[in-house]
Number of protein chains: 2
Amino acid sequence: MAAQTDDSGPVLPPAIEGAWGLRERAPKGPRPGMSVPTIVDAAVRVADADGLAAVSMSRVAKELGAATMALYRYVGSKDELLLLMVDTGYGPSPGPPPPEVDWRAGLSRWAWAEHEVLRQRSWLLHVPISGPPITPQQLGWMEDGLRCLDGTTLAEGEKMSVLLLITGYVRHEATLTSQVAEGSRAAGVEPSEMMPAYSRLVARLIDPARFPALHRVLAAGVLNQDDDPDDEFAFGLDRILDGVEALIQRRAG
Amino acid sequence: MAAQTDDSGPVLPPAIEGAWGLRERAPKGPRPGMSVPTIVDAAVRVADADGLAAVSMSRVAKELGAATMALYRYVGSKDELLLLMVDTGYGPSPGPPPPEVDWRAGLSRWAWAEHEVLRQRSWLLHVPISGPPITPQQLGWMEDGLRCLDGTTLAEGEKMSVLLLITGYVRHEATLTSQVAEGSRAAGVEPSEMMPAYSRLVARLIDPARFPALHRVLAAGVLNQDDDPDDEFAFGLDRILDGVEALIQRRAG
DNA sequence: CATAACAGCGTACGTCATACGCAGAGGAGA
DNA sequence: TCTCCTCTGCGTATGACGTACGCTGTTATG
(Lines give C-alpha, C1' and ligand atoms only; values in the text may rest on other atoms or scores of the structure.)
Protein backbone atom coordinates (compact mmCIF):
# COMPACT_ATOMS: atom_id res chain seq x y z
CA MET A 1 0.00 0.00 0.00
CA ALA A 2 3.06 2.24 -0.08
CA ALA A 3 3.01 5.09 -2.55
CA GLN A 4 3.68 3.91 -6.05
CA THR A 5 6.17 6.31 -7.58
CA ASP A 6 4.91 5.89 -11.10
CA ASP A 7 4.48 3.17 -13.59
CA SER A 8 8.18 3.20 -12.71
CA GLY A 9 10.24 2.02 -15.58
CA PRO A 10 14.00 1.99 -15.01
CA VAL A 11 15.05 3.85 -11.87
CA LEU A 12 16.50 7.30 -12.24
CA PRO A 13 18.73 8.77 -9.54
CA PRO A 14 16.84 11.39 -7.51
CA ALA A 15 19.18 14.19 -8.51
CA ILE A 16 18.58 13.46 -12.19
CA GLU A 17 14.84 13.46 -11.68
CA GLY A 18 15.38 16.83 -10.08
CA ALA A 19 17.02 18.06 -13.24
CA TRP A 20 13.81 17.19 -15.08
CA GLY A 21 11.80 19.21 -12.61
CA LEU A 22 9.95 16.23 -11.23
CA ARG A 23 10.82 16.22 -7.60
CA GLU A 24 8.54 16.48 -4.64
CA ARG A 25 9.29 19.20 -2.14
CA ALA A 26 10.41 18.33 1.32
CA PRO A 27 7.72 19.68 3.63
CA LYS A 28 9.53 18.90 6.86
CA GLY A 29 12.88 19.64 8.41
CA PRO A 30 15.24 22.59 8.17
CA ARG A 31 15.58 24.57 4.97
CA PRO A 32 18.37 23.28 2.70
CA GLY A 33 21.36 25.58 2.63
CA MET A 34 22.48 24.57 -0.83
CA SER A 35 20.90 23.08 -3.89
CA VAL A 36 21.91 20.63 -6.56
CA PRO A 37 22.52 23.37 -9.16
CA THR A 38 24.70 25.30 -6.71
CA ILE A 39 26.85 22.25 -6.17
CA VAL A 40 27.05 21.37 -9.83
CA ASP A 41 27.99 24.94 -10.72
CA ALA A 42 30.75 24.87 -8.14
CA ALA A 43 32.04 21.60 -9.55
CA VAL A 44 31.97 23.00 -13.07
CA ARG A 45 33.88 26.04 -11.84
CA VAL A 46 36.56 23.78 -10.40
CA ALA A 47 36.78 21.78 -13.61
CA ASP A 48 36.99 24.91 -15.72
CA ALA A 49 39.77 26.27 -13.57
CA ASP A 50 41.88 23.22 -12.75
CA GLY A 51 40.63 20.33 -14.85
CA LEU A 52 38.52 17.31 -14.09
CA ALA A 53 41.20 15.72 -11.93
CA ALA A 54 40.85 18.58 -9.46
CA VAL A 55 37.17 17.82 -8.97
CA SER A 56 37.00 15.92 -5.71
CA MET A 57 34.14 16.00 -3.30
CA SER A 58 36.21 17.84 -0.75
CA ARG A 59 37.40 20.39 -3.27
CA VAL A 60 33.86 21.13 -4.40
CA ALA A 61 32.73 21.39 -0.81
CA LYS A 62 35.55 23.81 -0.05
CA GLU A 63 34.44 25.88 -3.02
CA LEU A 64 31.07 26.21 -1.30
CA GLY A 65 32.36 26.71 2.21
CA ALA A 66 30.70 23.48 3.26
CA ALA A 67 31.89 20.18 4.63
CA THR A 68 32.60 17.31 2.27
CA MET A 69 29.85 15.08 3.54
CA ALA A 70 27.23 17.78 3.27
CA LEU A 71 27.22 17.27 -0.49
CA TYR A 72 25.88 13.77 -0.12
CA ARG A 73 22.53 15.17 1.00
CA TYR A 74 22.11 16.40 -2.57
CA VAL A 75 23.91 13.97 -4.84
CA GLY A 76 24.02 10.25 -4.37
CA SER A 77 27.60 9.76 -5.45
CA LYS A 78 30.43 11.41 -7.27
CA ASP A 79 29.39 9.67 -10.48
CA GLU A 80 26.00 11.30 -10.22
CA LEU A 81 27.66 14.67 -9.76
CA LEU A 82 29.76 14.03 -12.85
CA LEU A 83 26.68 13.24 -14.87
CA LEU A 84 25.08 16.49 -13.79
CA MET A 85 28.31 18.33 -14.57
CA VAL A 86 28.16 17.06 -18.11
CA ASP A 87 24.62 18.30 -18.45
CA THR A 88 25.56 21.74 -17.18
CA GLY A 89 28.89 21.80 -18.98
CA TYR A 90 27.38 21.23 -22.38
CA GLY A 91 24.87 23.93 -21.73
CA PRO A 92 21.75 24.52 -23.79
CA SER A 93 21.74 23.13 -27.29
CA PRO A 94 22.17 25.58 -30.18
CA GLY A 95 18.47 25.50 -30.90
CA PRO A 96 16.60 24.21 -33.93
CA PRO A 97 18.09 25.08 -37.31
CA PRO A 98 17.01 28.36 -38.89
CA PRO A 99 14.15 27.62 -41.30
CA GLU A 100 15.98 28.76 -44.42
CA VAL A 101 18.96 26.41 -44.14
CA ASP A 102 19.14 22.92 -45.61
CA TRP A 103 20.04 19.82 -43.62
CA ARG A 104 23.71 20.11 -44.42
CA ALA A 105 24.13 23.64 -43.15
CA GLY A 106 22.03 22.76 -40.14
CA LEU A 107 24.08 19.74 -39.17
CA SER A 108 27.26 21.66 -39.79
CA ARG A 109 26.13 24.37 -37.43
CA TRP A 110 25.17 21.70 -34.91
CA ALA A 111 28.56 20.03 -35.13
CA TRP A 112 30.44 23.32 -34.83
CA ALA A 113 28.43 24.18 -31.74
CA GLU A 114 29.52 21.00 -30.00
CA HIS A 115 33.03 21.54 -31.27
CA GLU A 116 33.07 24.96 -29.66
CA VAL A 117 31.79 23.66 -26.34
CA LEU A 118 34.41 20.93 -26.24
CA ARG A 119 37.15 23.39 -27.15
CA GLN A 120 36.32 25.50 -24.15
CA ARG A 121 35.52 22.68 -21.76
CA SER A 122 37.88 19.90 -22.69
CA TRP A 123 37.31 18.29 -19.31
CA LEU A 124 33.98 17.10 -20.69
CA LEU A 125 35.93 14.59 -22.73
CA HIS A 126 37.50 13.13 -19.60
CA VAL A 127 34.25 12.35 -17.86
CA PRO A 128 33.75 8.60 -18.11
CA ILE A 129 30.34 8.30 -19.72
CA SER A 130 28.38 5.47 -18.24
CA GLY A 131 25.27 5.26 -20.31
CA PRO A 132 23.05 6.72 -22.98
CA PRO A 133 21.98 10.36 -22.56
CA ILE A 134 19.22 10.94 -20.03
CA THR A 135 19.69 14.54 -18.90
CA PRO A 136 17.53 17.38 -20.26
CA GLN A 137 20.25 19.28 -22.07
CA GLN A 138 21.72 16.18 -23.64
CA LEU A 139 18.37 15.15 -25.05
CA GLY A 140 17.94 18.76 -26.14
CA TRP A 141 21.07 18.52 -28.26
CA MET A 142 19.74 15.32 -29.73
CA GLU A 143 16.40 16.90 -30.55
CA ASP A 144 18.03 19.82 -32.33
CA GLY A 145 20.22 17.48 -34.33
CA LEU A 146 17.27 15.39 -35.40
CA ARG A 147 15.38 18.46 -36.53
CA CYS A 148 18.14 19.25 -39.00
CA LEU A 149 17.23 16.07 -40.82
CA ASP A 150 13.50 16.71 -40.71
CA GLY A 151 13.00 17.40 -44.38
CA THR A 152 15.06 14.50 -45.63
CA THR A 153 13.97 11.10 -46.80
CA LEU A 154 16.00 9.24 -44.22
CA ALA A 155 14.37 6.72 -41.94
CA GLU A 156 14.21 7.63 -38.26
CA GLY A 157 16.86 5.07 -37.42
CA GLU A 158 19.13 6.45 -40.10
CA LYS A 159 18.79 9.95 -38.72
CA MET A 160 19.85 8.68 -35.35
CA SER A 161 22.84 6.90 -36.83
CA VAL A 162 23.90 10.02 -38.66
CA LEU A 163 23.84 12.02 -35.45
CA LEU A 164 25.89 9.43 -33.62
CA LEU A 165 28.35 9.48 -36.48
CA ILE A 166 28.79 13.23 -36.23
CA THR A 167 28.95 13.47 -32.44
CA GLY A 168 31.49 10.71 -32.44
CA TYR A 169 33.63 12.57 -34.88
CA VAL A 170 33.38 15.86 -33.00
CA ARG A 171 34.32 14.22 -29.74
CA HIS A 172 37.20 12.28 -31.21
CA GLU A 173 38.67 15.26 -32.95
CA ALA A 174 38.37 17.34 -29.80
CA THR A 175 40.03 14.57 -27.84
CA LEU A 176 43.04 14.53 -30.10
CA THR A 177 43.35 18.30 -30.12
CA SER A 178 43.13 18.60 -26.36
CA GLN A 179 45.64 15.81 -25.93
CA VAL A 180 48.18 17.73 -27.93
CA ALA A 181 47.48 20.83 -25.88
CA GLU A 182 47.69 18.99 -22.58
CA GLY A 183 50.78 17.13 -23.67
CA SER A 184 52.56 20.33 -24.53
CA ARG A 185 51.62 21.86 -21.21
CA ALA A 186 52.81 18.78 -19.35
CA ALA A 187 56.11 18.70 -21.22
CA GLY A 188 56.59 22.43 -20.96
CA VAL A 189 56.86 22.70 -24.71
CA GLU A 190 55.45 25.48 -26.80
CA PRO A 191 52.15 24.22 -28.28
CA SER A 192 53.35 25.09 -31.77
CA GLU A 193 56.45 22.96 -31.17
CA MET A 194 54.48 19.94 -30.02
CA MET A 195 53.73 18.31 -33.35
CA PRO A 196 57.20 18.90 -34.80
CA ALA A 197 58.66 17.34 -31.66
CA TYR A 198 56.34 14.38 -32.05
CA SER A 199 57.28 14.10 -35.69
CA ARG A 200 60.98 14.04 -34.82
CA LEU A 201 60.40 11.42 -32.17
CA VAL A 202 58.55 9.09 -34.50
CA ALA A 203 61.17 9.62 -37.18
CA ARG A 204 63.83 8.54 -34.69
CA LEU A 205 61.90 5.43 -33.70
CA ILE A 206 60.71 3.89 -36.93
CA ASP A 207 62.68 1.94 -39.47
CA PRO A 208 61.77 3.31 -42.94
CA ALA A 209 61.87 -0.22 -44.34
CA ARG A 210 59.29 -1.53 -41.91
CA PHE A 211 57.17 1.66 -41.90
CA PRO A 212 57.41 2.98 -45.47
CA ALA A 213 54.01 4.67 -45.61
CA LEU A 214 54.47 6.30 -42.25
CA HIS A 215 57.94 7.38 -43.26
CA ARG A 216 56.50 9.01 -46.34
CA VAL A 217 54.01 10.92 -44.24
CA LEU A 218 56.77 12.20 -42.01
CA ALA A 219 58.91 13.11 -45.00
CA ALA A 220 56.03 15.11 -46.40
CA GLY A 221 56.15 17.16 -43.22
CA VAL A 222 52.47 16.56 -42.58
CA LEU A 223 52.85 16.63 -38.82
CA ASN A 224 55.12 19.65 -38.80
CA GLN A 225 53.00 22.35 -40.25
CA ASP A 226 50.62 23.76 -37.71
CA ASP A 227 47.74 24.58 -40.00
CA ASP A 228 44.58 25.92 -38.52
CA PRO A 229 43.09 23.14 -36.39
CA ASP A 230 39.69 24.32 -37.51
CA ASP A 231 40.62 23.36 -41.07
CA GLU A 232 41.46 19.89 -39.90
CA PHE A 233 38.10 19.67 -38.18
CA ALA A 234 36.25 21.01 -41.20
CA PHE A 235 37.95 18.46 -43.43
CA GLY A 236 36.66 15.46 -41.53
CA LEU A 237 33.23 16.98 -41.07
CA ASP A 238 32.92 17.58 -44.80
CA ARG A 239 33.86 13.98 -45.51
CA ILE A 240 31.14 12.73 -43.20
CA LEU A 241 28.54 15.11 -44.60
CA ASP A 242 29.52 14.01 -48.10
CA GLY A 243 28.79 10.47 -47.03
CA VAL A 244 25.45 11.46 -45.60
CA GLU A 245 24.63 13.38 -48.75
CA ALA A 246 25.34 10.32 -50.85
CA LEU A 247 22.92 8.34 -48.74
CA ILE A 248 20.22 10.99 -48.87
CA GLN A 249 20.45 11.20 -52.63
CA ARG A 250 20.29 7.45 -52.96
CA ARG A 251 17.18 7.34 -50.79
CA ALA A 252 15.62 10.19 -52.75
CA GLY A 253 16.49 8.96 -56.22
CA MET B 1 81.58 14.56 -20.83
CA ALA B 2 78.74 12.33 -19.72
CA ALA B 3 77.43 9.86 -22.23
CA GLN B 4 75.13 11.55 -24.69
CA THR B 5 72.06 9.42 -25.10
CA ASP B 6 71.36 10.43 -28.65
CA ASP B 7 70.55 13.54 -30.52
CA SER B 8 67.81 13.22 -27.91
CA GLY B 9 64.64 14.74 -29.11
CA PRO B 10 61.69 14.50 -26.76
CA VAL B 11 62.24 12.18 -23.84
CA LEU B 12 60.67 8.74 -23.97
CA PRO B 13 59.99 6.79 -20.77
CA PRO B 14 62.52 3.98 -20.36
CA ALA B 15 59.91 1.25 -20.49
CA ILE B 16 58.64 2.56 -23.83
CA GLU B 17 62.15 2.64 -25.24
CA GLY B 18 62.32 -0.95 -24.10
CA ALA B 19 59.27 -1.75 -26.19
CA TRP B 20 61.17 -0.49 -29.22
CA GLY B 21 64.06 -2.79 -28.42
CA LEU B 22 66.47 0.02 -27.67
CA ARG B 23 67.52 -0.57 -24.13
CA GLU B 24 70.96 -1.22 -22.76
CA ARG B 25 71.37 -4.31 -20.63
CA ALA B 26 72.25 -3.97 -16.99
CA PRO B 27 75.61 -5.70 -16.57
CA LYS B 28 75.74 -5.39 -12.80
CA GLY B 29 73.62 -6.43 -9.85
CA PRO B 30 71.23 -9.34 -9.32
CA ARG B 31 69.31 -10.81 -12.22
CA PRO B 32 65.84 -9.34 -12.61
CA GLY B 33 63.11 -11.71 -11.53
CA MET B 34 60.47 -10.26 -13.79
CA SER B 35 60.36 -8.26 -16.99
CA VAL B 36 58.24 -5.51 -18.41
CA PRO B 37 56.33 -7.86 -20.74
CA THR B 38 55.57 -10.21 -17.84
CA ILE B 39 54.10 -7.34 -15.86
CA VAL B 40 52.13 -5.96 -18.78
CA ASP B 41 50.74 -9.38 -19.59
CA ALA B 42 49.61 -9.79 -16.02
CA ALA B 43 47.93 -6.40 -16.09
CA VAL B 44 46.18 -7.27 -19.34
CA ARG B 45 45.02 -10.52 -17.80
CA VAL B 46 43.49 -8.61 -14.90
CA ALA B 47 41.78 -6.15 -17.23
CA ASP B 48 40.44 -8.95 -19.42
CA ALA B 49 39.03 -10.72 -16.40
CA ASP B 50 37.74 -7.91 -14.19
CA GLY B 51 37.91 -4.70 -16.19
CA LEU B 52 40.23 -1.76 -16.12
CA ALA B 53 39.03 -0.59 -12.72
CA ALA B 54 40.46 -3.76 -11.20
CA VAL B 55 43.92 -2.96 -12.49
CA SER B 56 45.75 -1.55 -9.49
CA MET B 57 49.44 -1.86 -8.87
CA SER B 58 48.83 -4.15 -5.92
CA ARG B 59 46.44 -6.36 -7.87
CA VAL B 60 48.91 -6.76 -10.71
CA ALA B 61 51.67 -7.52 -8.22
CA LYS B 62 49.50 -10.13 -6.54
CA GLU B 63 48.90 -11.70 -9.95
CA LEU B 64 52.67 -12.15 -10.19
CA GLY B 65 53.27 -13.20 -6.60
CA ALA B 66 55.38 -10.12 -6.05
CA ALA B 67 55.16 -7.08 -3.82
CA THR B 68 53.51 -3.92 -5.07
CA MET B 69 56.61 -1.79 -5.03
CA ALA B 70 58.62 -4.34 -6.95
CA LEU B 71 56.79 -3.27 -10.09
CA TYR B 72 58.25 0.20 -9.93
CA ARG B 73 61.66 -1.20 -10.83
CA TYR B 74 60.21 -1.92 -14.27
CA VAL B 75 57.63 0.77 -14.97
CA GLY B 76 57.92 4.37 -13.93
CA SER B 77 54.29 4.86 -13.03
CA LYS B 78 50.87 3.40 -13.44
CA ASP B 79 50.27 5.63 -16.45
CA GLU B 80 53.27 4.10 -18.13
CA LEU B 81 51.91 0.65 -17.42
CA LEU B 82 48.58 1.64 -18.94
CA LEU B 83 50.28 2.86 -22.07
CA LEU B 84 52.07 -0.45 -22.41
CA MET B 85 48.81 -2.27 -21.76
CA VAL B 86 47.22 -0.47 -24.68
CA ASP B 87 50.09 -1.52 -26.89
CA THR B 88 49.76 -5.15 -25.86
CA GLY B 89 45.98 -5.04 -25.77
CA TYR B 90 45.63 -3.89 -29.34
CA GLY B 91 48.02 -6.56 -30.45
CA PRO B 92 49.65 -6.68 -33.84
CA SER B 93 47.99 -4.78 -36.64
CA PRO B 94 46.07 -6.77 -39.25
CA GLY B 95 48.95 -6.44 -41.71
CA PRO B 96 49.12 -4.61 -45.03
CA PRO B 97 46.10 -5.00 -47.29
CA PRO B 98 46.11 -7.96 -49.68
CA PRO B 99 47.42 -6.73 -53.05
CA GLU B 100 44.26 -7.46 -54.99
CA VAL B 101 41.91 -5.30 -52.91
CA ASP B 102 41.18 -1.64 -53.52
CA TRP B 103 41.51 1.08 -50.92
CA ARG B 104 37.91 0.76 -49.82
CA ALA B 105 38.02 -2.92 -49.06
CA GLY B 106 41.39 -2.43 -47.40
CA LEU B 107 40.19 0.31 -45.10
CA SER B 108 37.05 -1.61 -44.35
CA ARG B 109 39.11 -4.62 -43.29
CA TRP B 110 41.29 -2.33 -41.22
CA ALA B 111 38.30 -0.79 -39.47
CA TRP B 112 36.69 -4.15 -38.79
CA ALA B 113 39.94 -5.40 -37.29
CA GLU B 114 39.98 -2.58 -34.75
CA HIS B 115 36.28 -3.08 -34.19
CA GLU B 116 36.91 -6.69 -33.32
CA VAL B 117 39.73 -5.87 -30.91
CA LEU B 118 37.61 -3.31 -29.11
CA ARG B 119 34.70 -5.68 -28.92
CA GLN B 120 36.81 -8.21 -27.08
CA ARG B 121 38.80 -5.76 -24.99
CA SER B 122 36.40 -2.96 -24.19
CA TRP B 123 38.66 -1.86 -21.34
CA LEU B 124 40.91 -0.36 -23.99
CA LEU B 125 38.30 2.36 -24.39
CA HIS B 126 38.56 3.25 -20.71
CA VAL B 127 42.28 3.89 -20.72
CA PRO B 128 42.74 7.65 -20.63
CA ILE B 129 44.90 8.33 -23.65
CA SER B 130 47.46 10.94 -22.91
CA GLY B 131 49.15 11.63 -26.20
CA PRO B 132 49.66 10.68 -29.81
CA PRO B 133 50.66 7.08 -30.54
CA ILE B 134 54.29 6.22 -29.81
CA THR B 135 54.30 2.48 -29.19
CA PRO B 136 55.37 -0.02 -31.83
CA GLN B 137 52.04 -1.73 -32.33
CA GLN B 138 50.12 1.52 -32.46
CA LEU B 139 52.35 2.87 -35.17
CA GLY B 140 52.04 -0.49 -36.86
CA TRP B 141 48.28 -0.06 -37.09
CA MET B 142 48.83 3.39 -38.50
CA GLU B 143 51.24 2.09 -41.09
CA ASP B 144 48.85 -0.58 -42.26
CA GLY B 145 46.05 1.93 -42.51
CA LEU B 146 48.15 4.29 -44.56
CA ARG B 147 49.10 1.52 -46.94
CA CYS B 148 45.47 1.00 -47.81
CA LEU B 149 45.48 4.47 -49.33
CA ASP B 150 48.75 3.98 -51.19
CA GLY B 151 47.35 3.88 -54.69
CA THR B 152 45.05 6.86 -54.28
CA THR B 153 45.55 10.44 -55.29
CA LEU B 154 45.14 11.79 -51.78
CA ALA B 155 47.80 13.99 -50.27
CA GLU B 156 49.70 12.53 -47.34
CA GLY B 157 47.94 14.82 -44.92
CA GLU B 158 44.60 13.77 -46.29
CA LYS B 159 45.42 10.11 -45.82
CA MET B 160 46.23 10.81 -42.22
CA SER B 161 42.97 12.68 -41.74
CA VAL B 162 41.01 9.83 -43.25
CA LEU B 163 42.57 7.36 -40.85
CA LEU B 164 41.81 9.55 -37.87
CA LEU B 165 38.27 9.83 -39.10
CA ILE B 166 37.86 6.08 -39.25
CA THR B 167 39.57 5.26 -35.97
CA GLY B 168 37.49 7.89 -34.29
CA TYR B 169 34.36 6.33 -35.59
CA VAL B 170 35.37 2.81 -34.62
CA ARG B 171 36.25 3.87 -31.11
CA HIS B 172 33.11 5.89 -30.64
CA GLU B 173 30.84 3.17 -31.87
CA ALA B 174 32.59 0.64 -29.64
CA THR B 175 32.23 3.00 -26.71
CA LEU B 176 28.49 3.26 -27.14
CA THR B 177 28.07 -0.47 -27.59
CA SER B 178 30.11 -1.34 -24.53
CA GLN B 179 28.26 1.24 -22.48
CA VAL B 180 24.97 -0.43 -23.23
CA ALA B 181 26.48 -3.77 -22.31
CA GLU B 182 28.00 -2.48 -19.07
CA GLY B 183 24.86 -0.62 -18.19
CA SER B 184 22.75 -3.72 -18.55
CA ARG B 185 25.16 -5.70 -16.41
CA ALA B 186 25.17 -2.99 -13.75
CA ALA B 187 21.39 -2.75 -13.69
CA GLY B 188 20.95 -6.50 -13.80
CA VAL B 189 18.84 -6.19 -16.93
CA GLU B 190 18.86 -8.55 -19.82
CA PRO B 191 21.06 -6.96 -22.54
CA SER B 192 18.25 -7.33 -25.06
CA GLU B 193 15.95 -5.46 -22.67
CA MET B 194 18.38 -2.57 -22.21
CA MET B 195 17.44 -0.42 -25.19
CA PRO B 196 13.69 -0.92 -24.78
CA ALA B 197 14.05 0.07 -21.13
CA TYR B 198 15.99 3.15 -22.17
CA SER B 199 13.40 3.95 -24.76
CA ARG B 200 10.61 3.72 -22.19
CA LEU B 201 12.53 5.92 -19.80
CA VAL B 202 13.07 8.66 -22.35
CA ALA B 203 9.46 8.46 -23.42
CA ARG B 204 8.43 9.02 -19.82
CA LEU B 205 10.73 12.01 -19.45
CA ILE B 206 10.21 14.08 -22.57
CA ASP B 207 7.34 16.30 -23.47
CA PRO B 208 6.33 15.55 -27.10
CA ALA B 209 5.69 19.23 -27.70
CA ARG B 210 9.18 20.26 -26.72
CA PHE B 211 10.90 17.22 -28.24
CA PRO B 212 8.87 16.43 -31.36
CA ALA B 213 11.67 14.94 -33.45
CA LEU B 214 12.88 12.79 -30.59
CA HIS B 215 9.33 11.74 -29.89
CA ARG B 216 8.97 10.66 -33.50
CA VAL B 217 12.10 8.55 -33.23
CA LEU B 218 10.75 6.84 -30.14
CA ALA B 219 7.39 6.32 -31.79
CA ALA B 220 9.12 4.68 -34.72
CA GLY B 221 10.51 2.16 -32.24
CA VAL B 222 14.02 2.80 -33.42
CA LEU B 223 15.56 2.13 -30.03
CA ASN B 224 13.47 -0.94 -29.36
CA GLN B 225 14.45 -3.30 -32.07
CA ASP B 226 17.73 -4.98 -31.30
CA ASP B 227 19.04 -5.28 -34.82
CA ASP B 228 22.47 -6.73 -35.32
CA PRO B 229 24.95 -4.26 -33.79
CA ASP B 230 27.30 -5.11 -36.62
CA ASP B 231 24.78 -3.66 -39.06
CA GLU B 232 24.77 -0.43 -37.10
CA PHE B 233 28.55 -0.35 -37.27
CA ALA B 234 28.60 -1.13 -40.97
CA PHE B 235 26.13 1.66 -41.65
CA GLY B 236 28.32 4.39 -40.23
CA LEU B 237 31.43 2.96 -41.76
CA ASP B 238 29.84 2.95 -45.18
CA ARG B 239 28.81 6.59 -44.79
CA ILE B 240 32.39 7.56 -43.96
CA LEU B 241 33.83 5.55 -46.80
CA ASP B 242 31.29 7.13 -49.14
CA GLY B 243 32.61 10.49 -48.07
CA VAL B 244 36.17 9.43 -48.64
CA GLU B 245 35.25 8.06 -52.03
CA ALA B 246 33.71 11.38 -53.00
CA LEU B 247 36.94 13.10 -52.08
CA ILE B 248 39.11 10.63 -53.96
CA GLN B 249 37.02 10.99 -57.09
CA ARG B 250 37.16 14.77 -56.87
CA ARG B 251 40.94 14.64 -56.52
CA ALA B 252 41.21 12.20 -59.42
CA GLY B 253 38.77 13.84 -61.81
C1' DC C 1 4.76 21.28 23.10
C1' DA C 2 5.97 16.66 21.28
C1' DT C 3 7.32 14.37 17.29
C1' DA C 4 9.44 13.05 13.27
C1' DA C 5 11.76 14.17 9.20
C1' DC C 6 15.61 16.21 7.55
C1' DA C 7 20.14 19.34 7.07
C1' DG C 8 24.96 19.61 8.23
C1' DC C 9 28.92 17.30 9.09
C1' DG C 10 32.85 14.93 12.21
C1' DT C 11 34.87 10.59 12.31
C1' DA C 12 36.46 6.48 10.53
C1' DC C 13 37.55 2.98 7.10
C1' DG C 14 39.35 0.93 3.11
C1' DT C 15 41.78 1.70 -1.16
C1' DC C 16 44.99 3.75 -4.03
C1' DA C 17 49.62 5.57 -6.06
C1' DT C 18 53.96 6.17 -4.82
C1' DA C 19 58.36 8.37 -2.15
C1' DC C 20 61.99 6.60 0.53
C1' DG C 21 65.33 3.75 2.17
C1' DC C 22 67.16 -0.66 3.63
C1' DA C 23 68.89 -5.56 2.84
C1' DG C 24 70.84 -8.69 0.07
C1' DA C 25 72.71 -10.33 -4.54
C1' DG C 26 76.37 -10.74 -7.51
C1' DG C 27 79.72 -8.91 -11.08
C1' DA C 28 84.15 -5.95 -11.35
C1' DG C 29 88.39 -4.52 -9.78
C1' DA C 30 92.04 -4.83 -6.07
C1' DT D 1 89.90 -13.71 -2.07
C1' DC D 2 88.12 -9.41 -0.50
C1' DT D 3 85.90 -5.08 -1.39
C1' DC D 4 82.88 -2.10 -3.65
C1' DC D 5 79.23 -0.59 -6.38
C1' DT D 6 75.12 -1.17 -8.59
C1' DC D 7 70.83 -3.08 -9.04
C1' DT D 8 66.72 -5.96 -7.32
C1' DG D 9 63.02 -6.78 -4.15
C1' DC D 10 60.17 -4.88 -1.01
C1' DG D 11 58.47 -3.05 3.89
C1' DT D 12 56.95 1.12 5.59
C1' DA D 13 54.78 5.39 5.45
C1' DT D 14 52.25 9.32 3.48
C1' DG D 15 48.60 11.79 1.71
C1' DA D 16 44.53 11.82 -1.08
C1' DC D 17 40.29 9.96 -2.14
C1' DG D 18 35.12 8.19 -1.92
C1' DT D 19 31.86 7.32 1.20
C1' DA D 20 29.28 4.56 5.32
C1' DC D 21 27.62 5.71 9.73
C1' DG D 22 25.63 8.14 13.23
C1' DC D 23 25.27 12.34 16.10
C1' DT D 24 23.41 17.19 16.70
C1' DG D 25 20.48 20.63 15.98
C1' DT D 26 16.54 22.65 13.10
C1' DT D 27 11.87 23.12 11.73
C1' DA D 28 7.01 22.26 10.26
C1' DT D 29 3.20 19.50 11.65
C1' DG D 30 0.13 17.06 14.94
Side-chain angles (χ1 to χ4, degrees), chain A residues 2-3 13-15 18 23-40 42-43 46-47 50-85 123 126-128 130 186, chain B residues 2-3 13-15 18 23-40 42-43 46-47 50-85 123 126-128 130 186:
Chain A
R23 205 63 209 155
E24 331 174 1
R25 312 265 122 248
K28 287 286 201 58
R31 252 162 267 104
M34 325 181 229
S35 70
V36 173
T38 319
I39 293 172
V40 174
V46 171
D50 297 335
L52 191 67
V55 178
S56 68
M57 298 305 273
S58 70
R59 172 70 188 275
V60 174
K62 196 169 298 173
E63 191 80 8
L64 292 165
T68 305
M69 292 311 291
L71 305 185
Y72 283 94
R73 291 280 172 207
Y74 299 85
V75 295
S77 67
K78 189 184 179 181
D79 281 349
E80 215 175 284
L81 175 58
L82 287 174
L83 182 55
L84 294 167
M85 284 176 68
W123 55 265
H126 295 22
V127 179
S130 51
Chain B
R23 206 63 208 154
E24 332 175 0
R25 310 264 123 248
K28 288 282 202 55
R31 254 162 266 104
M34 327 181 228
S35 70
V36 174
T38 319
I39 293 172
V40 174
V46 171
D50 296 335
L52 191 67
V55 177
S56 68
M57 297 305 273
S58 69
R59 172 73 188 274
V60 174
K62 196 169 296 173
E63 191 80 8
L64 292 164
T68 306
M69 292 310 292
L71 304 184
Y72 284 95
R73 291 282 174 206
Y74 298 87
V75 295
S77 67
K78 188 184 179 182
D79 280 349
E80 215 174 285
L81 174 59
L82 287 174
L83 181 55
L84 294 167
M85 284 176 69
W123 55 265
H126 295 9
V127 178
S130 53

Nucleotide pairing, DNA chain C (Watson-Crick or G-U, distances under 3.5 Å), in dot-bracket with [ ] and |: ||||||||||||||||||||||||||||||
Nearest whole angstrom, please: distance from the [atom2] of [N] to the [atom1] of [X].
{"X": "Leu71(B)", "N": "dC16(C)", "atom1": "CG", "atom2": "C1'", "value": "14 Å"}
{"X": "Tyr74(B)", "N": "dT18(C)", "atom1": "OH", "atom2": "C1'", "value": "18 Å"}
{"X": "Arg31(B)", "N": "dG24(C)", "atom1": "CZ", "atom2": "P", "value": "18 Å"}
{"X": "Lys62(A)", "N": "dC9(C)", "atom1": "NZ", "atom2": "C1'", "value": "15 Å"}
{"X": "Leu64(A)", "N": "dA7(C)", "atom1": "CG", "atom2": "P", "value": "16 Å"}

Output one letter per nucleotide in nucleotides 17-24 of chain D: B when a protein non-hydrogen atom lies under 4.0 Å from the base, S when only the sugar-phosphate is that close, - when neither is. SSBBBB--
Between Glu80(B) and Gly76(B) the two heavy atoms that sit nearest each other are OE2-N, 3.3 Å
Could you check which of dG8(C), dG9(D), dA25(C) has an atom nearest any side-chain atom of Ala70(A)? dG8(C)
Output the single nucleotide from dA5(C), dG9(D), dC7(D) whose closest atom is nearest the side chain of Pro30(B). dC7(D)
How long is the straight-line distance from CG of Leu71(B) back to CG of Leu81(B), given to the nearest 0.5 Å? 7.5 Å
Can you check whether Val75(A) reaches Val40(A) side chain to side chain, under 4.5 Å on heavy atoms? no
Given side chains that start at C-beta, do those of Leu82(B) and Asp79(B) come closer than 4.5 Å, heavy atoms only? yes
Using atom types as modelled, flag every donor-acceptor pair under 3.5 Å from a side chain in residues 53-67 of chain B to any protein atom, sequence neighbours excluded.
residue  : atom : partner  : partner atom : Å
Ser56(B) : OG   : Ser58(B) : OG           : 3.3
Ser56(B) : OG   : Arg59(B) : N            : 3.1
Arg59(B) : NH1  : Asp50(B) : OD2          : 3.2
Arg59(B) : NH2  : Asp50(B) : OD2          : 2.9
Glu63(B) : OE2  : Arg45(B) : NH1          : 3.3

So, does Tyr74(B) use its side chain to make a donor-acceptor pair with the main chain of Met34(B) at under 3.5 Å? yes
